[in-house]
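Since this is a predicted model, take the numbers as computed values, not measurements. Lettering of chains follows the sequences in order, A, B, ..., and the numbering in each one begins at 1.
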Amino acid sequence: MERKTRFEPAEVERRLFDEWIEAGYFHPEAEGTAVENFSVAIPPPNVTGVLHMGHALNGSMQDALVRMNRMRGRNTLWTLGTDHAGIATQAVVEKELAEEGASRQELGREAFVERVWAWKEEYGSRIVEQYKRLGASCDYERERFTLDEGYVKAVYRVFKQLYDKGYVYRDNYMVNWDPGSHSAISDLEVENREVEDTLYSIEYPVEGSERVLTVATVRPETMLADTAVAVNPDDERYADLVGQHCVLPLVGRRLPIIADPHVDPEFGTGALKITPGHDPNDFEIGRLHGLEEIGVIGPDGRMTAEAGERFAGLTAVEAQEAVVAALRDEGRLRDEQPYLHSVPFSHRSGARIEPLISLQWFCRMDELAKPAIEAVERDEVRITPEQWKRVYLEWMNEIRPWCVSRQLWWGHRIPVWYCDACEETIVAEDPPERCGACGGPLRQEEDVLDTWFSSALWPFATLGWPEDTPELRAFYPTSFLTTAREILFLWVARMIMTGIEFPADVPFRDVYVHSVIQARDGRRMSKSLGTGIDPLDEIDEHGADALRFGLLAMSSTQDVRFSDAKVQQGADLANKLWNASRLILLNVAEVDAAPRPVSVEDRWILSRLEATIASVTAKLEEYDFAHAAQEAYAFFWSELCDWYLEMVKPRLYEGEAEVSATLLWLLERQLALLHPIMPFVTEEIWSYHPSRQGHLTVHSFPHAEGSLRDLDAEATVQVGIELTRRLRAWRDLVEVPAATVLPARAEGAEPEEFVGRLSRFEFGDDGGDPVAAVGPVKILSSAAIDADAVAARLEARREELRSEVARSEGKLGNQKFVDRAPAEVVEEERRKLERYRAELEELSE
RNA sequence: GGGCGCGUAGCUCAGUGGGAGAGCGCUCGCCUCACACGCGAGAGGUCGCUGGUUCGAACCCAGCCGCGCCCACCA
């Protein structure tokens with residue numbers, strides 16, 4: 001064992017990680033069955049991604065459980081890989097091109113996609129390397145990518161089968177158009193933000209009447225696409241107008257006045273302009289009533305020819321100004337009011353969503369959702385913490401069709417071919433040569449699939465599905481999934497649906513929804529706010545073990561602030577482990593690690609260790625990482641180091657074989673217990689342990705030994721510890737110099753040997769008068785003791801006791817308490833009172 | 001508009017019916033032959049507010065105040 005008193009993580013982390021990789025510990029053979037094996041599929045980070053605190057937390061949790069199960073001897077696979085992240089990756093490369101003064105359009109599709117692949121080859125492994133820094137024990141030899149050849153095959157198989165079942169279809173439908181990425185996006189990729197707009201009230205004259213209908217809108221430019229005005233069917237004010245028409249100002253189109261229950265009579269005038277082409281609500285109303293669907297805003301965000309000559313070509317913002325001006329000219333603008341409301345924005349590009357009707361591919365989800373709902377209801381997939389189960393079920397019960405096509409080039413190009421000659425549509429896993437119906441040439445669909453369509457297959461596509469591979473047989477279903485709550489629907493729900501539909505089994509048994517780590521000040525961690533904390537900086541500064549411990553320890557609730565103190569606690573723990581190990585390993589007189597208790601404190605610590613093993617293990621198994629980490633810390637620091645090591649130092653220095661063997665056993669089990677949480681420092685220390693046969697990474701995980709529990713020893717030592725503490729406190733209060741040993745006499749049973757040594761009292765048979773009593777210990781007079789300080793101390797203690805006696809007497813004097821509280825509670829209170837009275841009496845002598 | 005969570009020591013958080021806890025910070029004393037990233041001893045809290053249930057409430061119930069998150073097609 002080295003002499004240096006500091007554990008230096010940077011020196012050992014890379015070396016140990018290389019040793020683990022070279023030994024192949026993380027690369028299991030595809031043997032056995034999923035029931036006996038243990039497997040986890042990492043939530044695949046974006047290939048453009050860099051490791052952030054969420055990855056680090058999630059990785060620490062997964063690695064803790066993966067390592068624990070590997071140590072238990074289970075054939076364990078942690079599958080790693082990255083997601084091609086269509087929009088994000090395409091945007092990165094397009095930005096590169098823009099800086100070169102080029103564009104993807106100039107390059108053309110094929111060359112552009114090649115360019116993205118080149119980018120991926122160069123930069124795509126960055127985040128994988130960062131997971132290694134964390135110590136993640138993934139199978140880096142089985143790294144997967146959602147655009148791998150085999151993975152593409154899985155995606156196409158799924159698409160084809162869903163199409164054949166009639167779930168996947170093409171339709172003109174209202175989509176969330178993202179003008180930023182020039183693509184449709186799904187509902188889940190939209191975020192609503194509060195925006196202050198102007199609410200315009202516009203008068204629509206009723207045909208053949210002097211009356212007008214006043215409608216309100218924040219998007220006056222969309223009126224150019226209005227095809228009706230709706231009122232509530234129960235609204236008496238307008239009952240007579242239903243069935244008539246009004247005339248659309250600026251355009252002159254006749255708009256039917258319809259009745260629809262969606263209209264809230266309380267809002268504004270109770271009349272609603274209907275724009276099926278540019279409003280999701282109106283779209284549904286329009287479909288119900290068979291209204292015309294007009295599009296006046298194009299995918300480029302500019303007004304189309306349908307908007308009329310005056311407006312065509314303007315941007316939507318320009319068109320809004322022009323329409324408002326024109327309405328004002330015509331005297332149709334009745335009112336404008338500032339209006340705060342929530343507006344959809346693209347989660348990816350940040351652009352304001354433009355709802356429009358577009359020809360897209362959809363997947364209906366209702367049939368897929370049914371068994372996925374049942375699986376969770378029946379706890380075949382358990383969601384922890386439990387409140388997320390209900391959130392999942394509620395969302396799944398209201399699931400809507402999923403727009404799966406994206407107008408991008410980077411991704412899985414949809415495996416659909418069109419024949420222009422005979423209008424045949426062919427869906428196939430492999431590109432067909434020519435049209436099966438007429439033999440004509442085919443043209444492949446331009447769009448790609450939503451990235452989440454492929455990540456939905458992750459747990460089985462990474463294992464080789466649709467081939468019947470040994471990996472699939474050995475490792476599917478996976479054992480559990482840990483995830484951030486924001487992707488519960490986006491990803492987790494879809495994996496459950498596809499898992500049941502395709503490999504015909506749930507993809508994992510457990511879903512753990514982990515904490516969100518906020519910035520130190522409680523704001524979100526985000527790049528744009530500048531509130532992000534880089535996990536790699538933390539690793540550089542404090543070590544991977546410290547960060548892992550800190551993250552697990554701080555993750556007790558669903559929202560927690562990043563705590564530097566917890567990371568520091570982890571770093572301190574690593575250092576303390578190192579130094580306690582030095583004490584043991586540099587002084588033991590034995591090479592045998594075995595429990596050989598010869599004293600009550602030996603039996604005590606062995607018992608406490610086994611209790612800790614049982615408790616920490618149980619907490620890890622139920623995903624309570626925070627308490628597992630803190631409990632392991634508390635045992636090691638407070639019980640093992642502060643007390644036991646101090647108790648046995650003399651025996652250790654004397655070269656006692658028994659205590660040496662016991663210490664080696666304690667150290668071995670302590671290191672193994674902590675290894676899943678802090679793999680590096682424990683592995684490094686293990687390399688100096690005489691029992692070492694191989695790496696700790698593949699050492700057995702400790703199983704709590706009930707036979708070593710000894711409650712009598714625990715009680716006895718606890719009494720000794722408490723007495724030691726009271727004696728130390730007494731010394732401190734009367735200001736005896738730390739090094740001075742004071743004379744004392746024990747009344748009744750002699751305290752345990754360590755009591756006097758650790759509190760610096762010398763017990764003897766001196767019959768002199770005591771100056772004070774601490775429990776059964778009489779403290780004898782000595783030059784080091786200040787009589788006034790003792791008197792003050794005594795009075796303070798008496799005061800404490802009087803107050804306790806009063807409290808206890810009050811409680812016991814309450815007849816209702818004595819009558820109604822459980823007998824053992826009352827009895828315990830009586831015992832306390834007796835003790836307080838006895839001590840008070842003793843001090844008053 | 002619905003749903004969920006949170007409010008406990010200066011800070012970050014445990015504690016979910018019987019005498020308020022941890023880590024950090026602070027005070028005092030120790031370079032005691034593993035560790036000063038350490039050891040020992042302390043100070044510090046009307047457990048958000050108001051009611052209720054109970055012999056007894058930080059803990060259970062109701063209302064209120066403050067903070068956060070998720071879902072939702074009211075123009």
**Item:** By side chain to side chain donor-acceptor pair (under 3.5 Å) - contacts of D819(A) (at least two apart)
**Value:**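 Side chain to side chain donor-acceptor pair (under 3.5 Å) list for D819(A), sorted by chain: Q815(A).
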query: In terms of ring plane angle, is the pair W395(A) and F489(A) parallel, tilted or perpendicular, where the classes change at 30° and 60°?
result: parallel
Check: residues 265-275 of chain A side-chain donor-acceptor pairs under 3.5 Å, at least two apart:
| residue | atom | partner | partner atom | Å |
| --- | --- | --- | --- | --- |
| T269(A) | OG1 | T214(A) | O | 2.3 |
| T269(A) | OG1 | A271(A) | N | 3.4 |
| K273(A) | NZ | T222(A) | OG1 | 2.9 |
| K273(A) | NZ | D226(A) | OD1 | 3.0 |
| K273(A) | NZ | T275(A) | OG1 | 2.9 |
| T275(A) | OG1 | D226(A) | OD1 | 2.6 |

Ring pair (Phe, Tyr, Trp, His ring centres under 6.0 Å) filter on H542(A), not counting sequence neighbours, yields none
Across all chains, not counting sequence neighbours, the ring pair (Phe, Tyr, Trp, His ring centres under 6.0 Å) partners of F283(A) are Y173(A)
Residue pairs passing the salt bridge (charged side-chain N to carboxylate O under 4.0 Å, His left out) test with at least one member in residues 724-736 of chain A, sequence neighbours excluded, are R726(A)-E839(A)
- Under the salt bridge (charged side-chain N to carboxylate O under 4.0 Å, His left out) rule, what pairs show up with a residue in residues 562-587 of chain A, not counting sequence neighbours?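 Non-adjacent pairs meeting salt bridge (charged side-chain N to carboxylate O under 4.0 Å, His left out): R520(A)-D564(A).
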Across all chains, not counting sequence neighbours, the side-chain contact (heavy atoms from CB on, under 4.5 Å) partners of R400(A) are D187(A), E284(A)
* Asked: If you look at every strand shown and take non-hydrogen atoms under 4.0 Å, does V263(A) touch a base, only sugar-phosphate, or nothing?
  -> base
For residues 547-555 of chain A, dump all side-chain donor-acceptor pairs below 3.5 Å to protein atoms at least two apart in sequence or in another chain.
| residue | atom | partner | partner atom | Å |
| --- | --- | --- | --- | --- |
| R548(A) | NE | I677(A) | O | 3.0 |
| R548(A) | NH1 | D63(A) | OD2 | 2.7 |
| R548(A) | NH1 | L134(A) | O | 3.0 |
| R548(A) | NH2 | D63(A) | OD2 | 2.9 |
| R548(A) | NH2 | P676(A) | O | 2.9 |
| S555(A) | OG | L552(A) | O | 2.9 |

Query - Positions of residues 276-288 of chain A (non-hydrogen atom under 4.0 Å from RNA chain B), listed by number - result: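 Nucleic-acid contacts, sorted: N281(A).
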Do any N or O atoms of the protein come closer than 3.5 Å to N or O atoms of nucleotides 2-9 of chain B, and which pairs are they?
| residue | atom | partner | partner atom | Å |
| --- | --- | --- | --- | --- |
| rG3(B) | O3' | R390(A) | NH2 | 3.0 |

For nucleotides 36-41 of chain B, 5' to 3', base contacts (B), sugar-phosphate-only contacts (S) and non-contacts (-) with protein non-hydrogen atoms under 4.0 Å give SBSSBS
Donor-acceptor pairs under 3.5 angstrom involving side-chain atoms of residues 338-345 of chain A: please list them, not counting sequence neighbours.
| residue | atom | partner | partner atom | Å |
| --- | --- | --- | --- | --- |
| H341(A) | NE2 | D197(A) | OD2 | 2.7 |

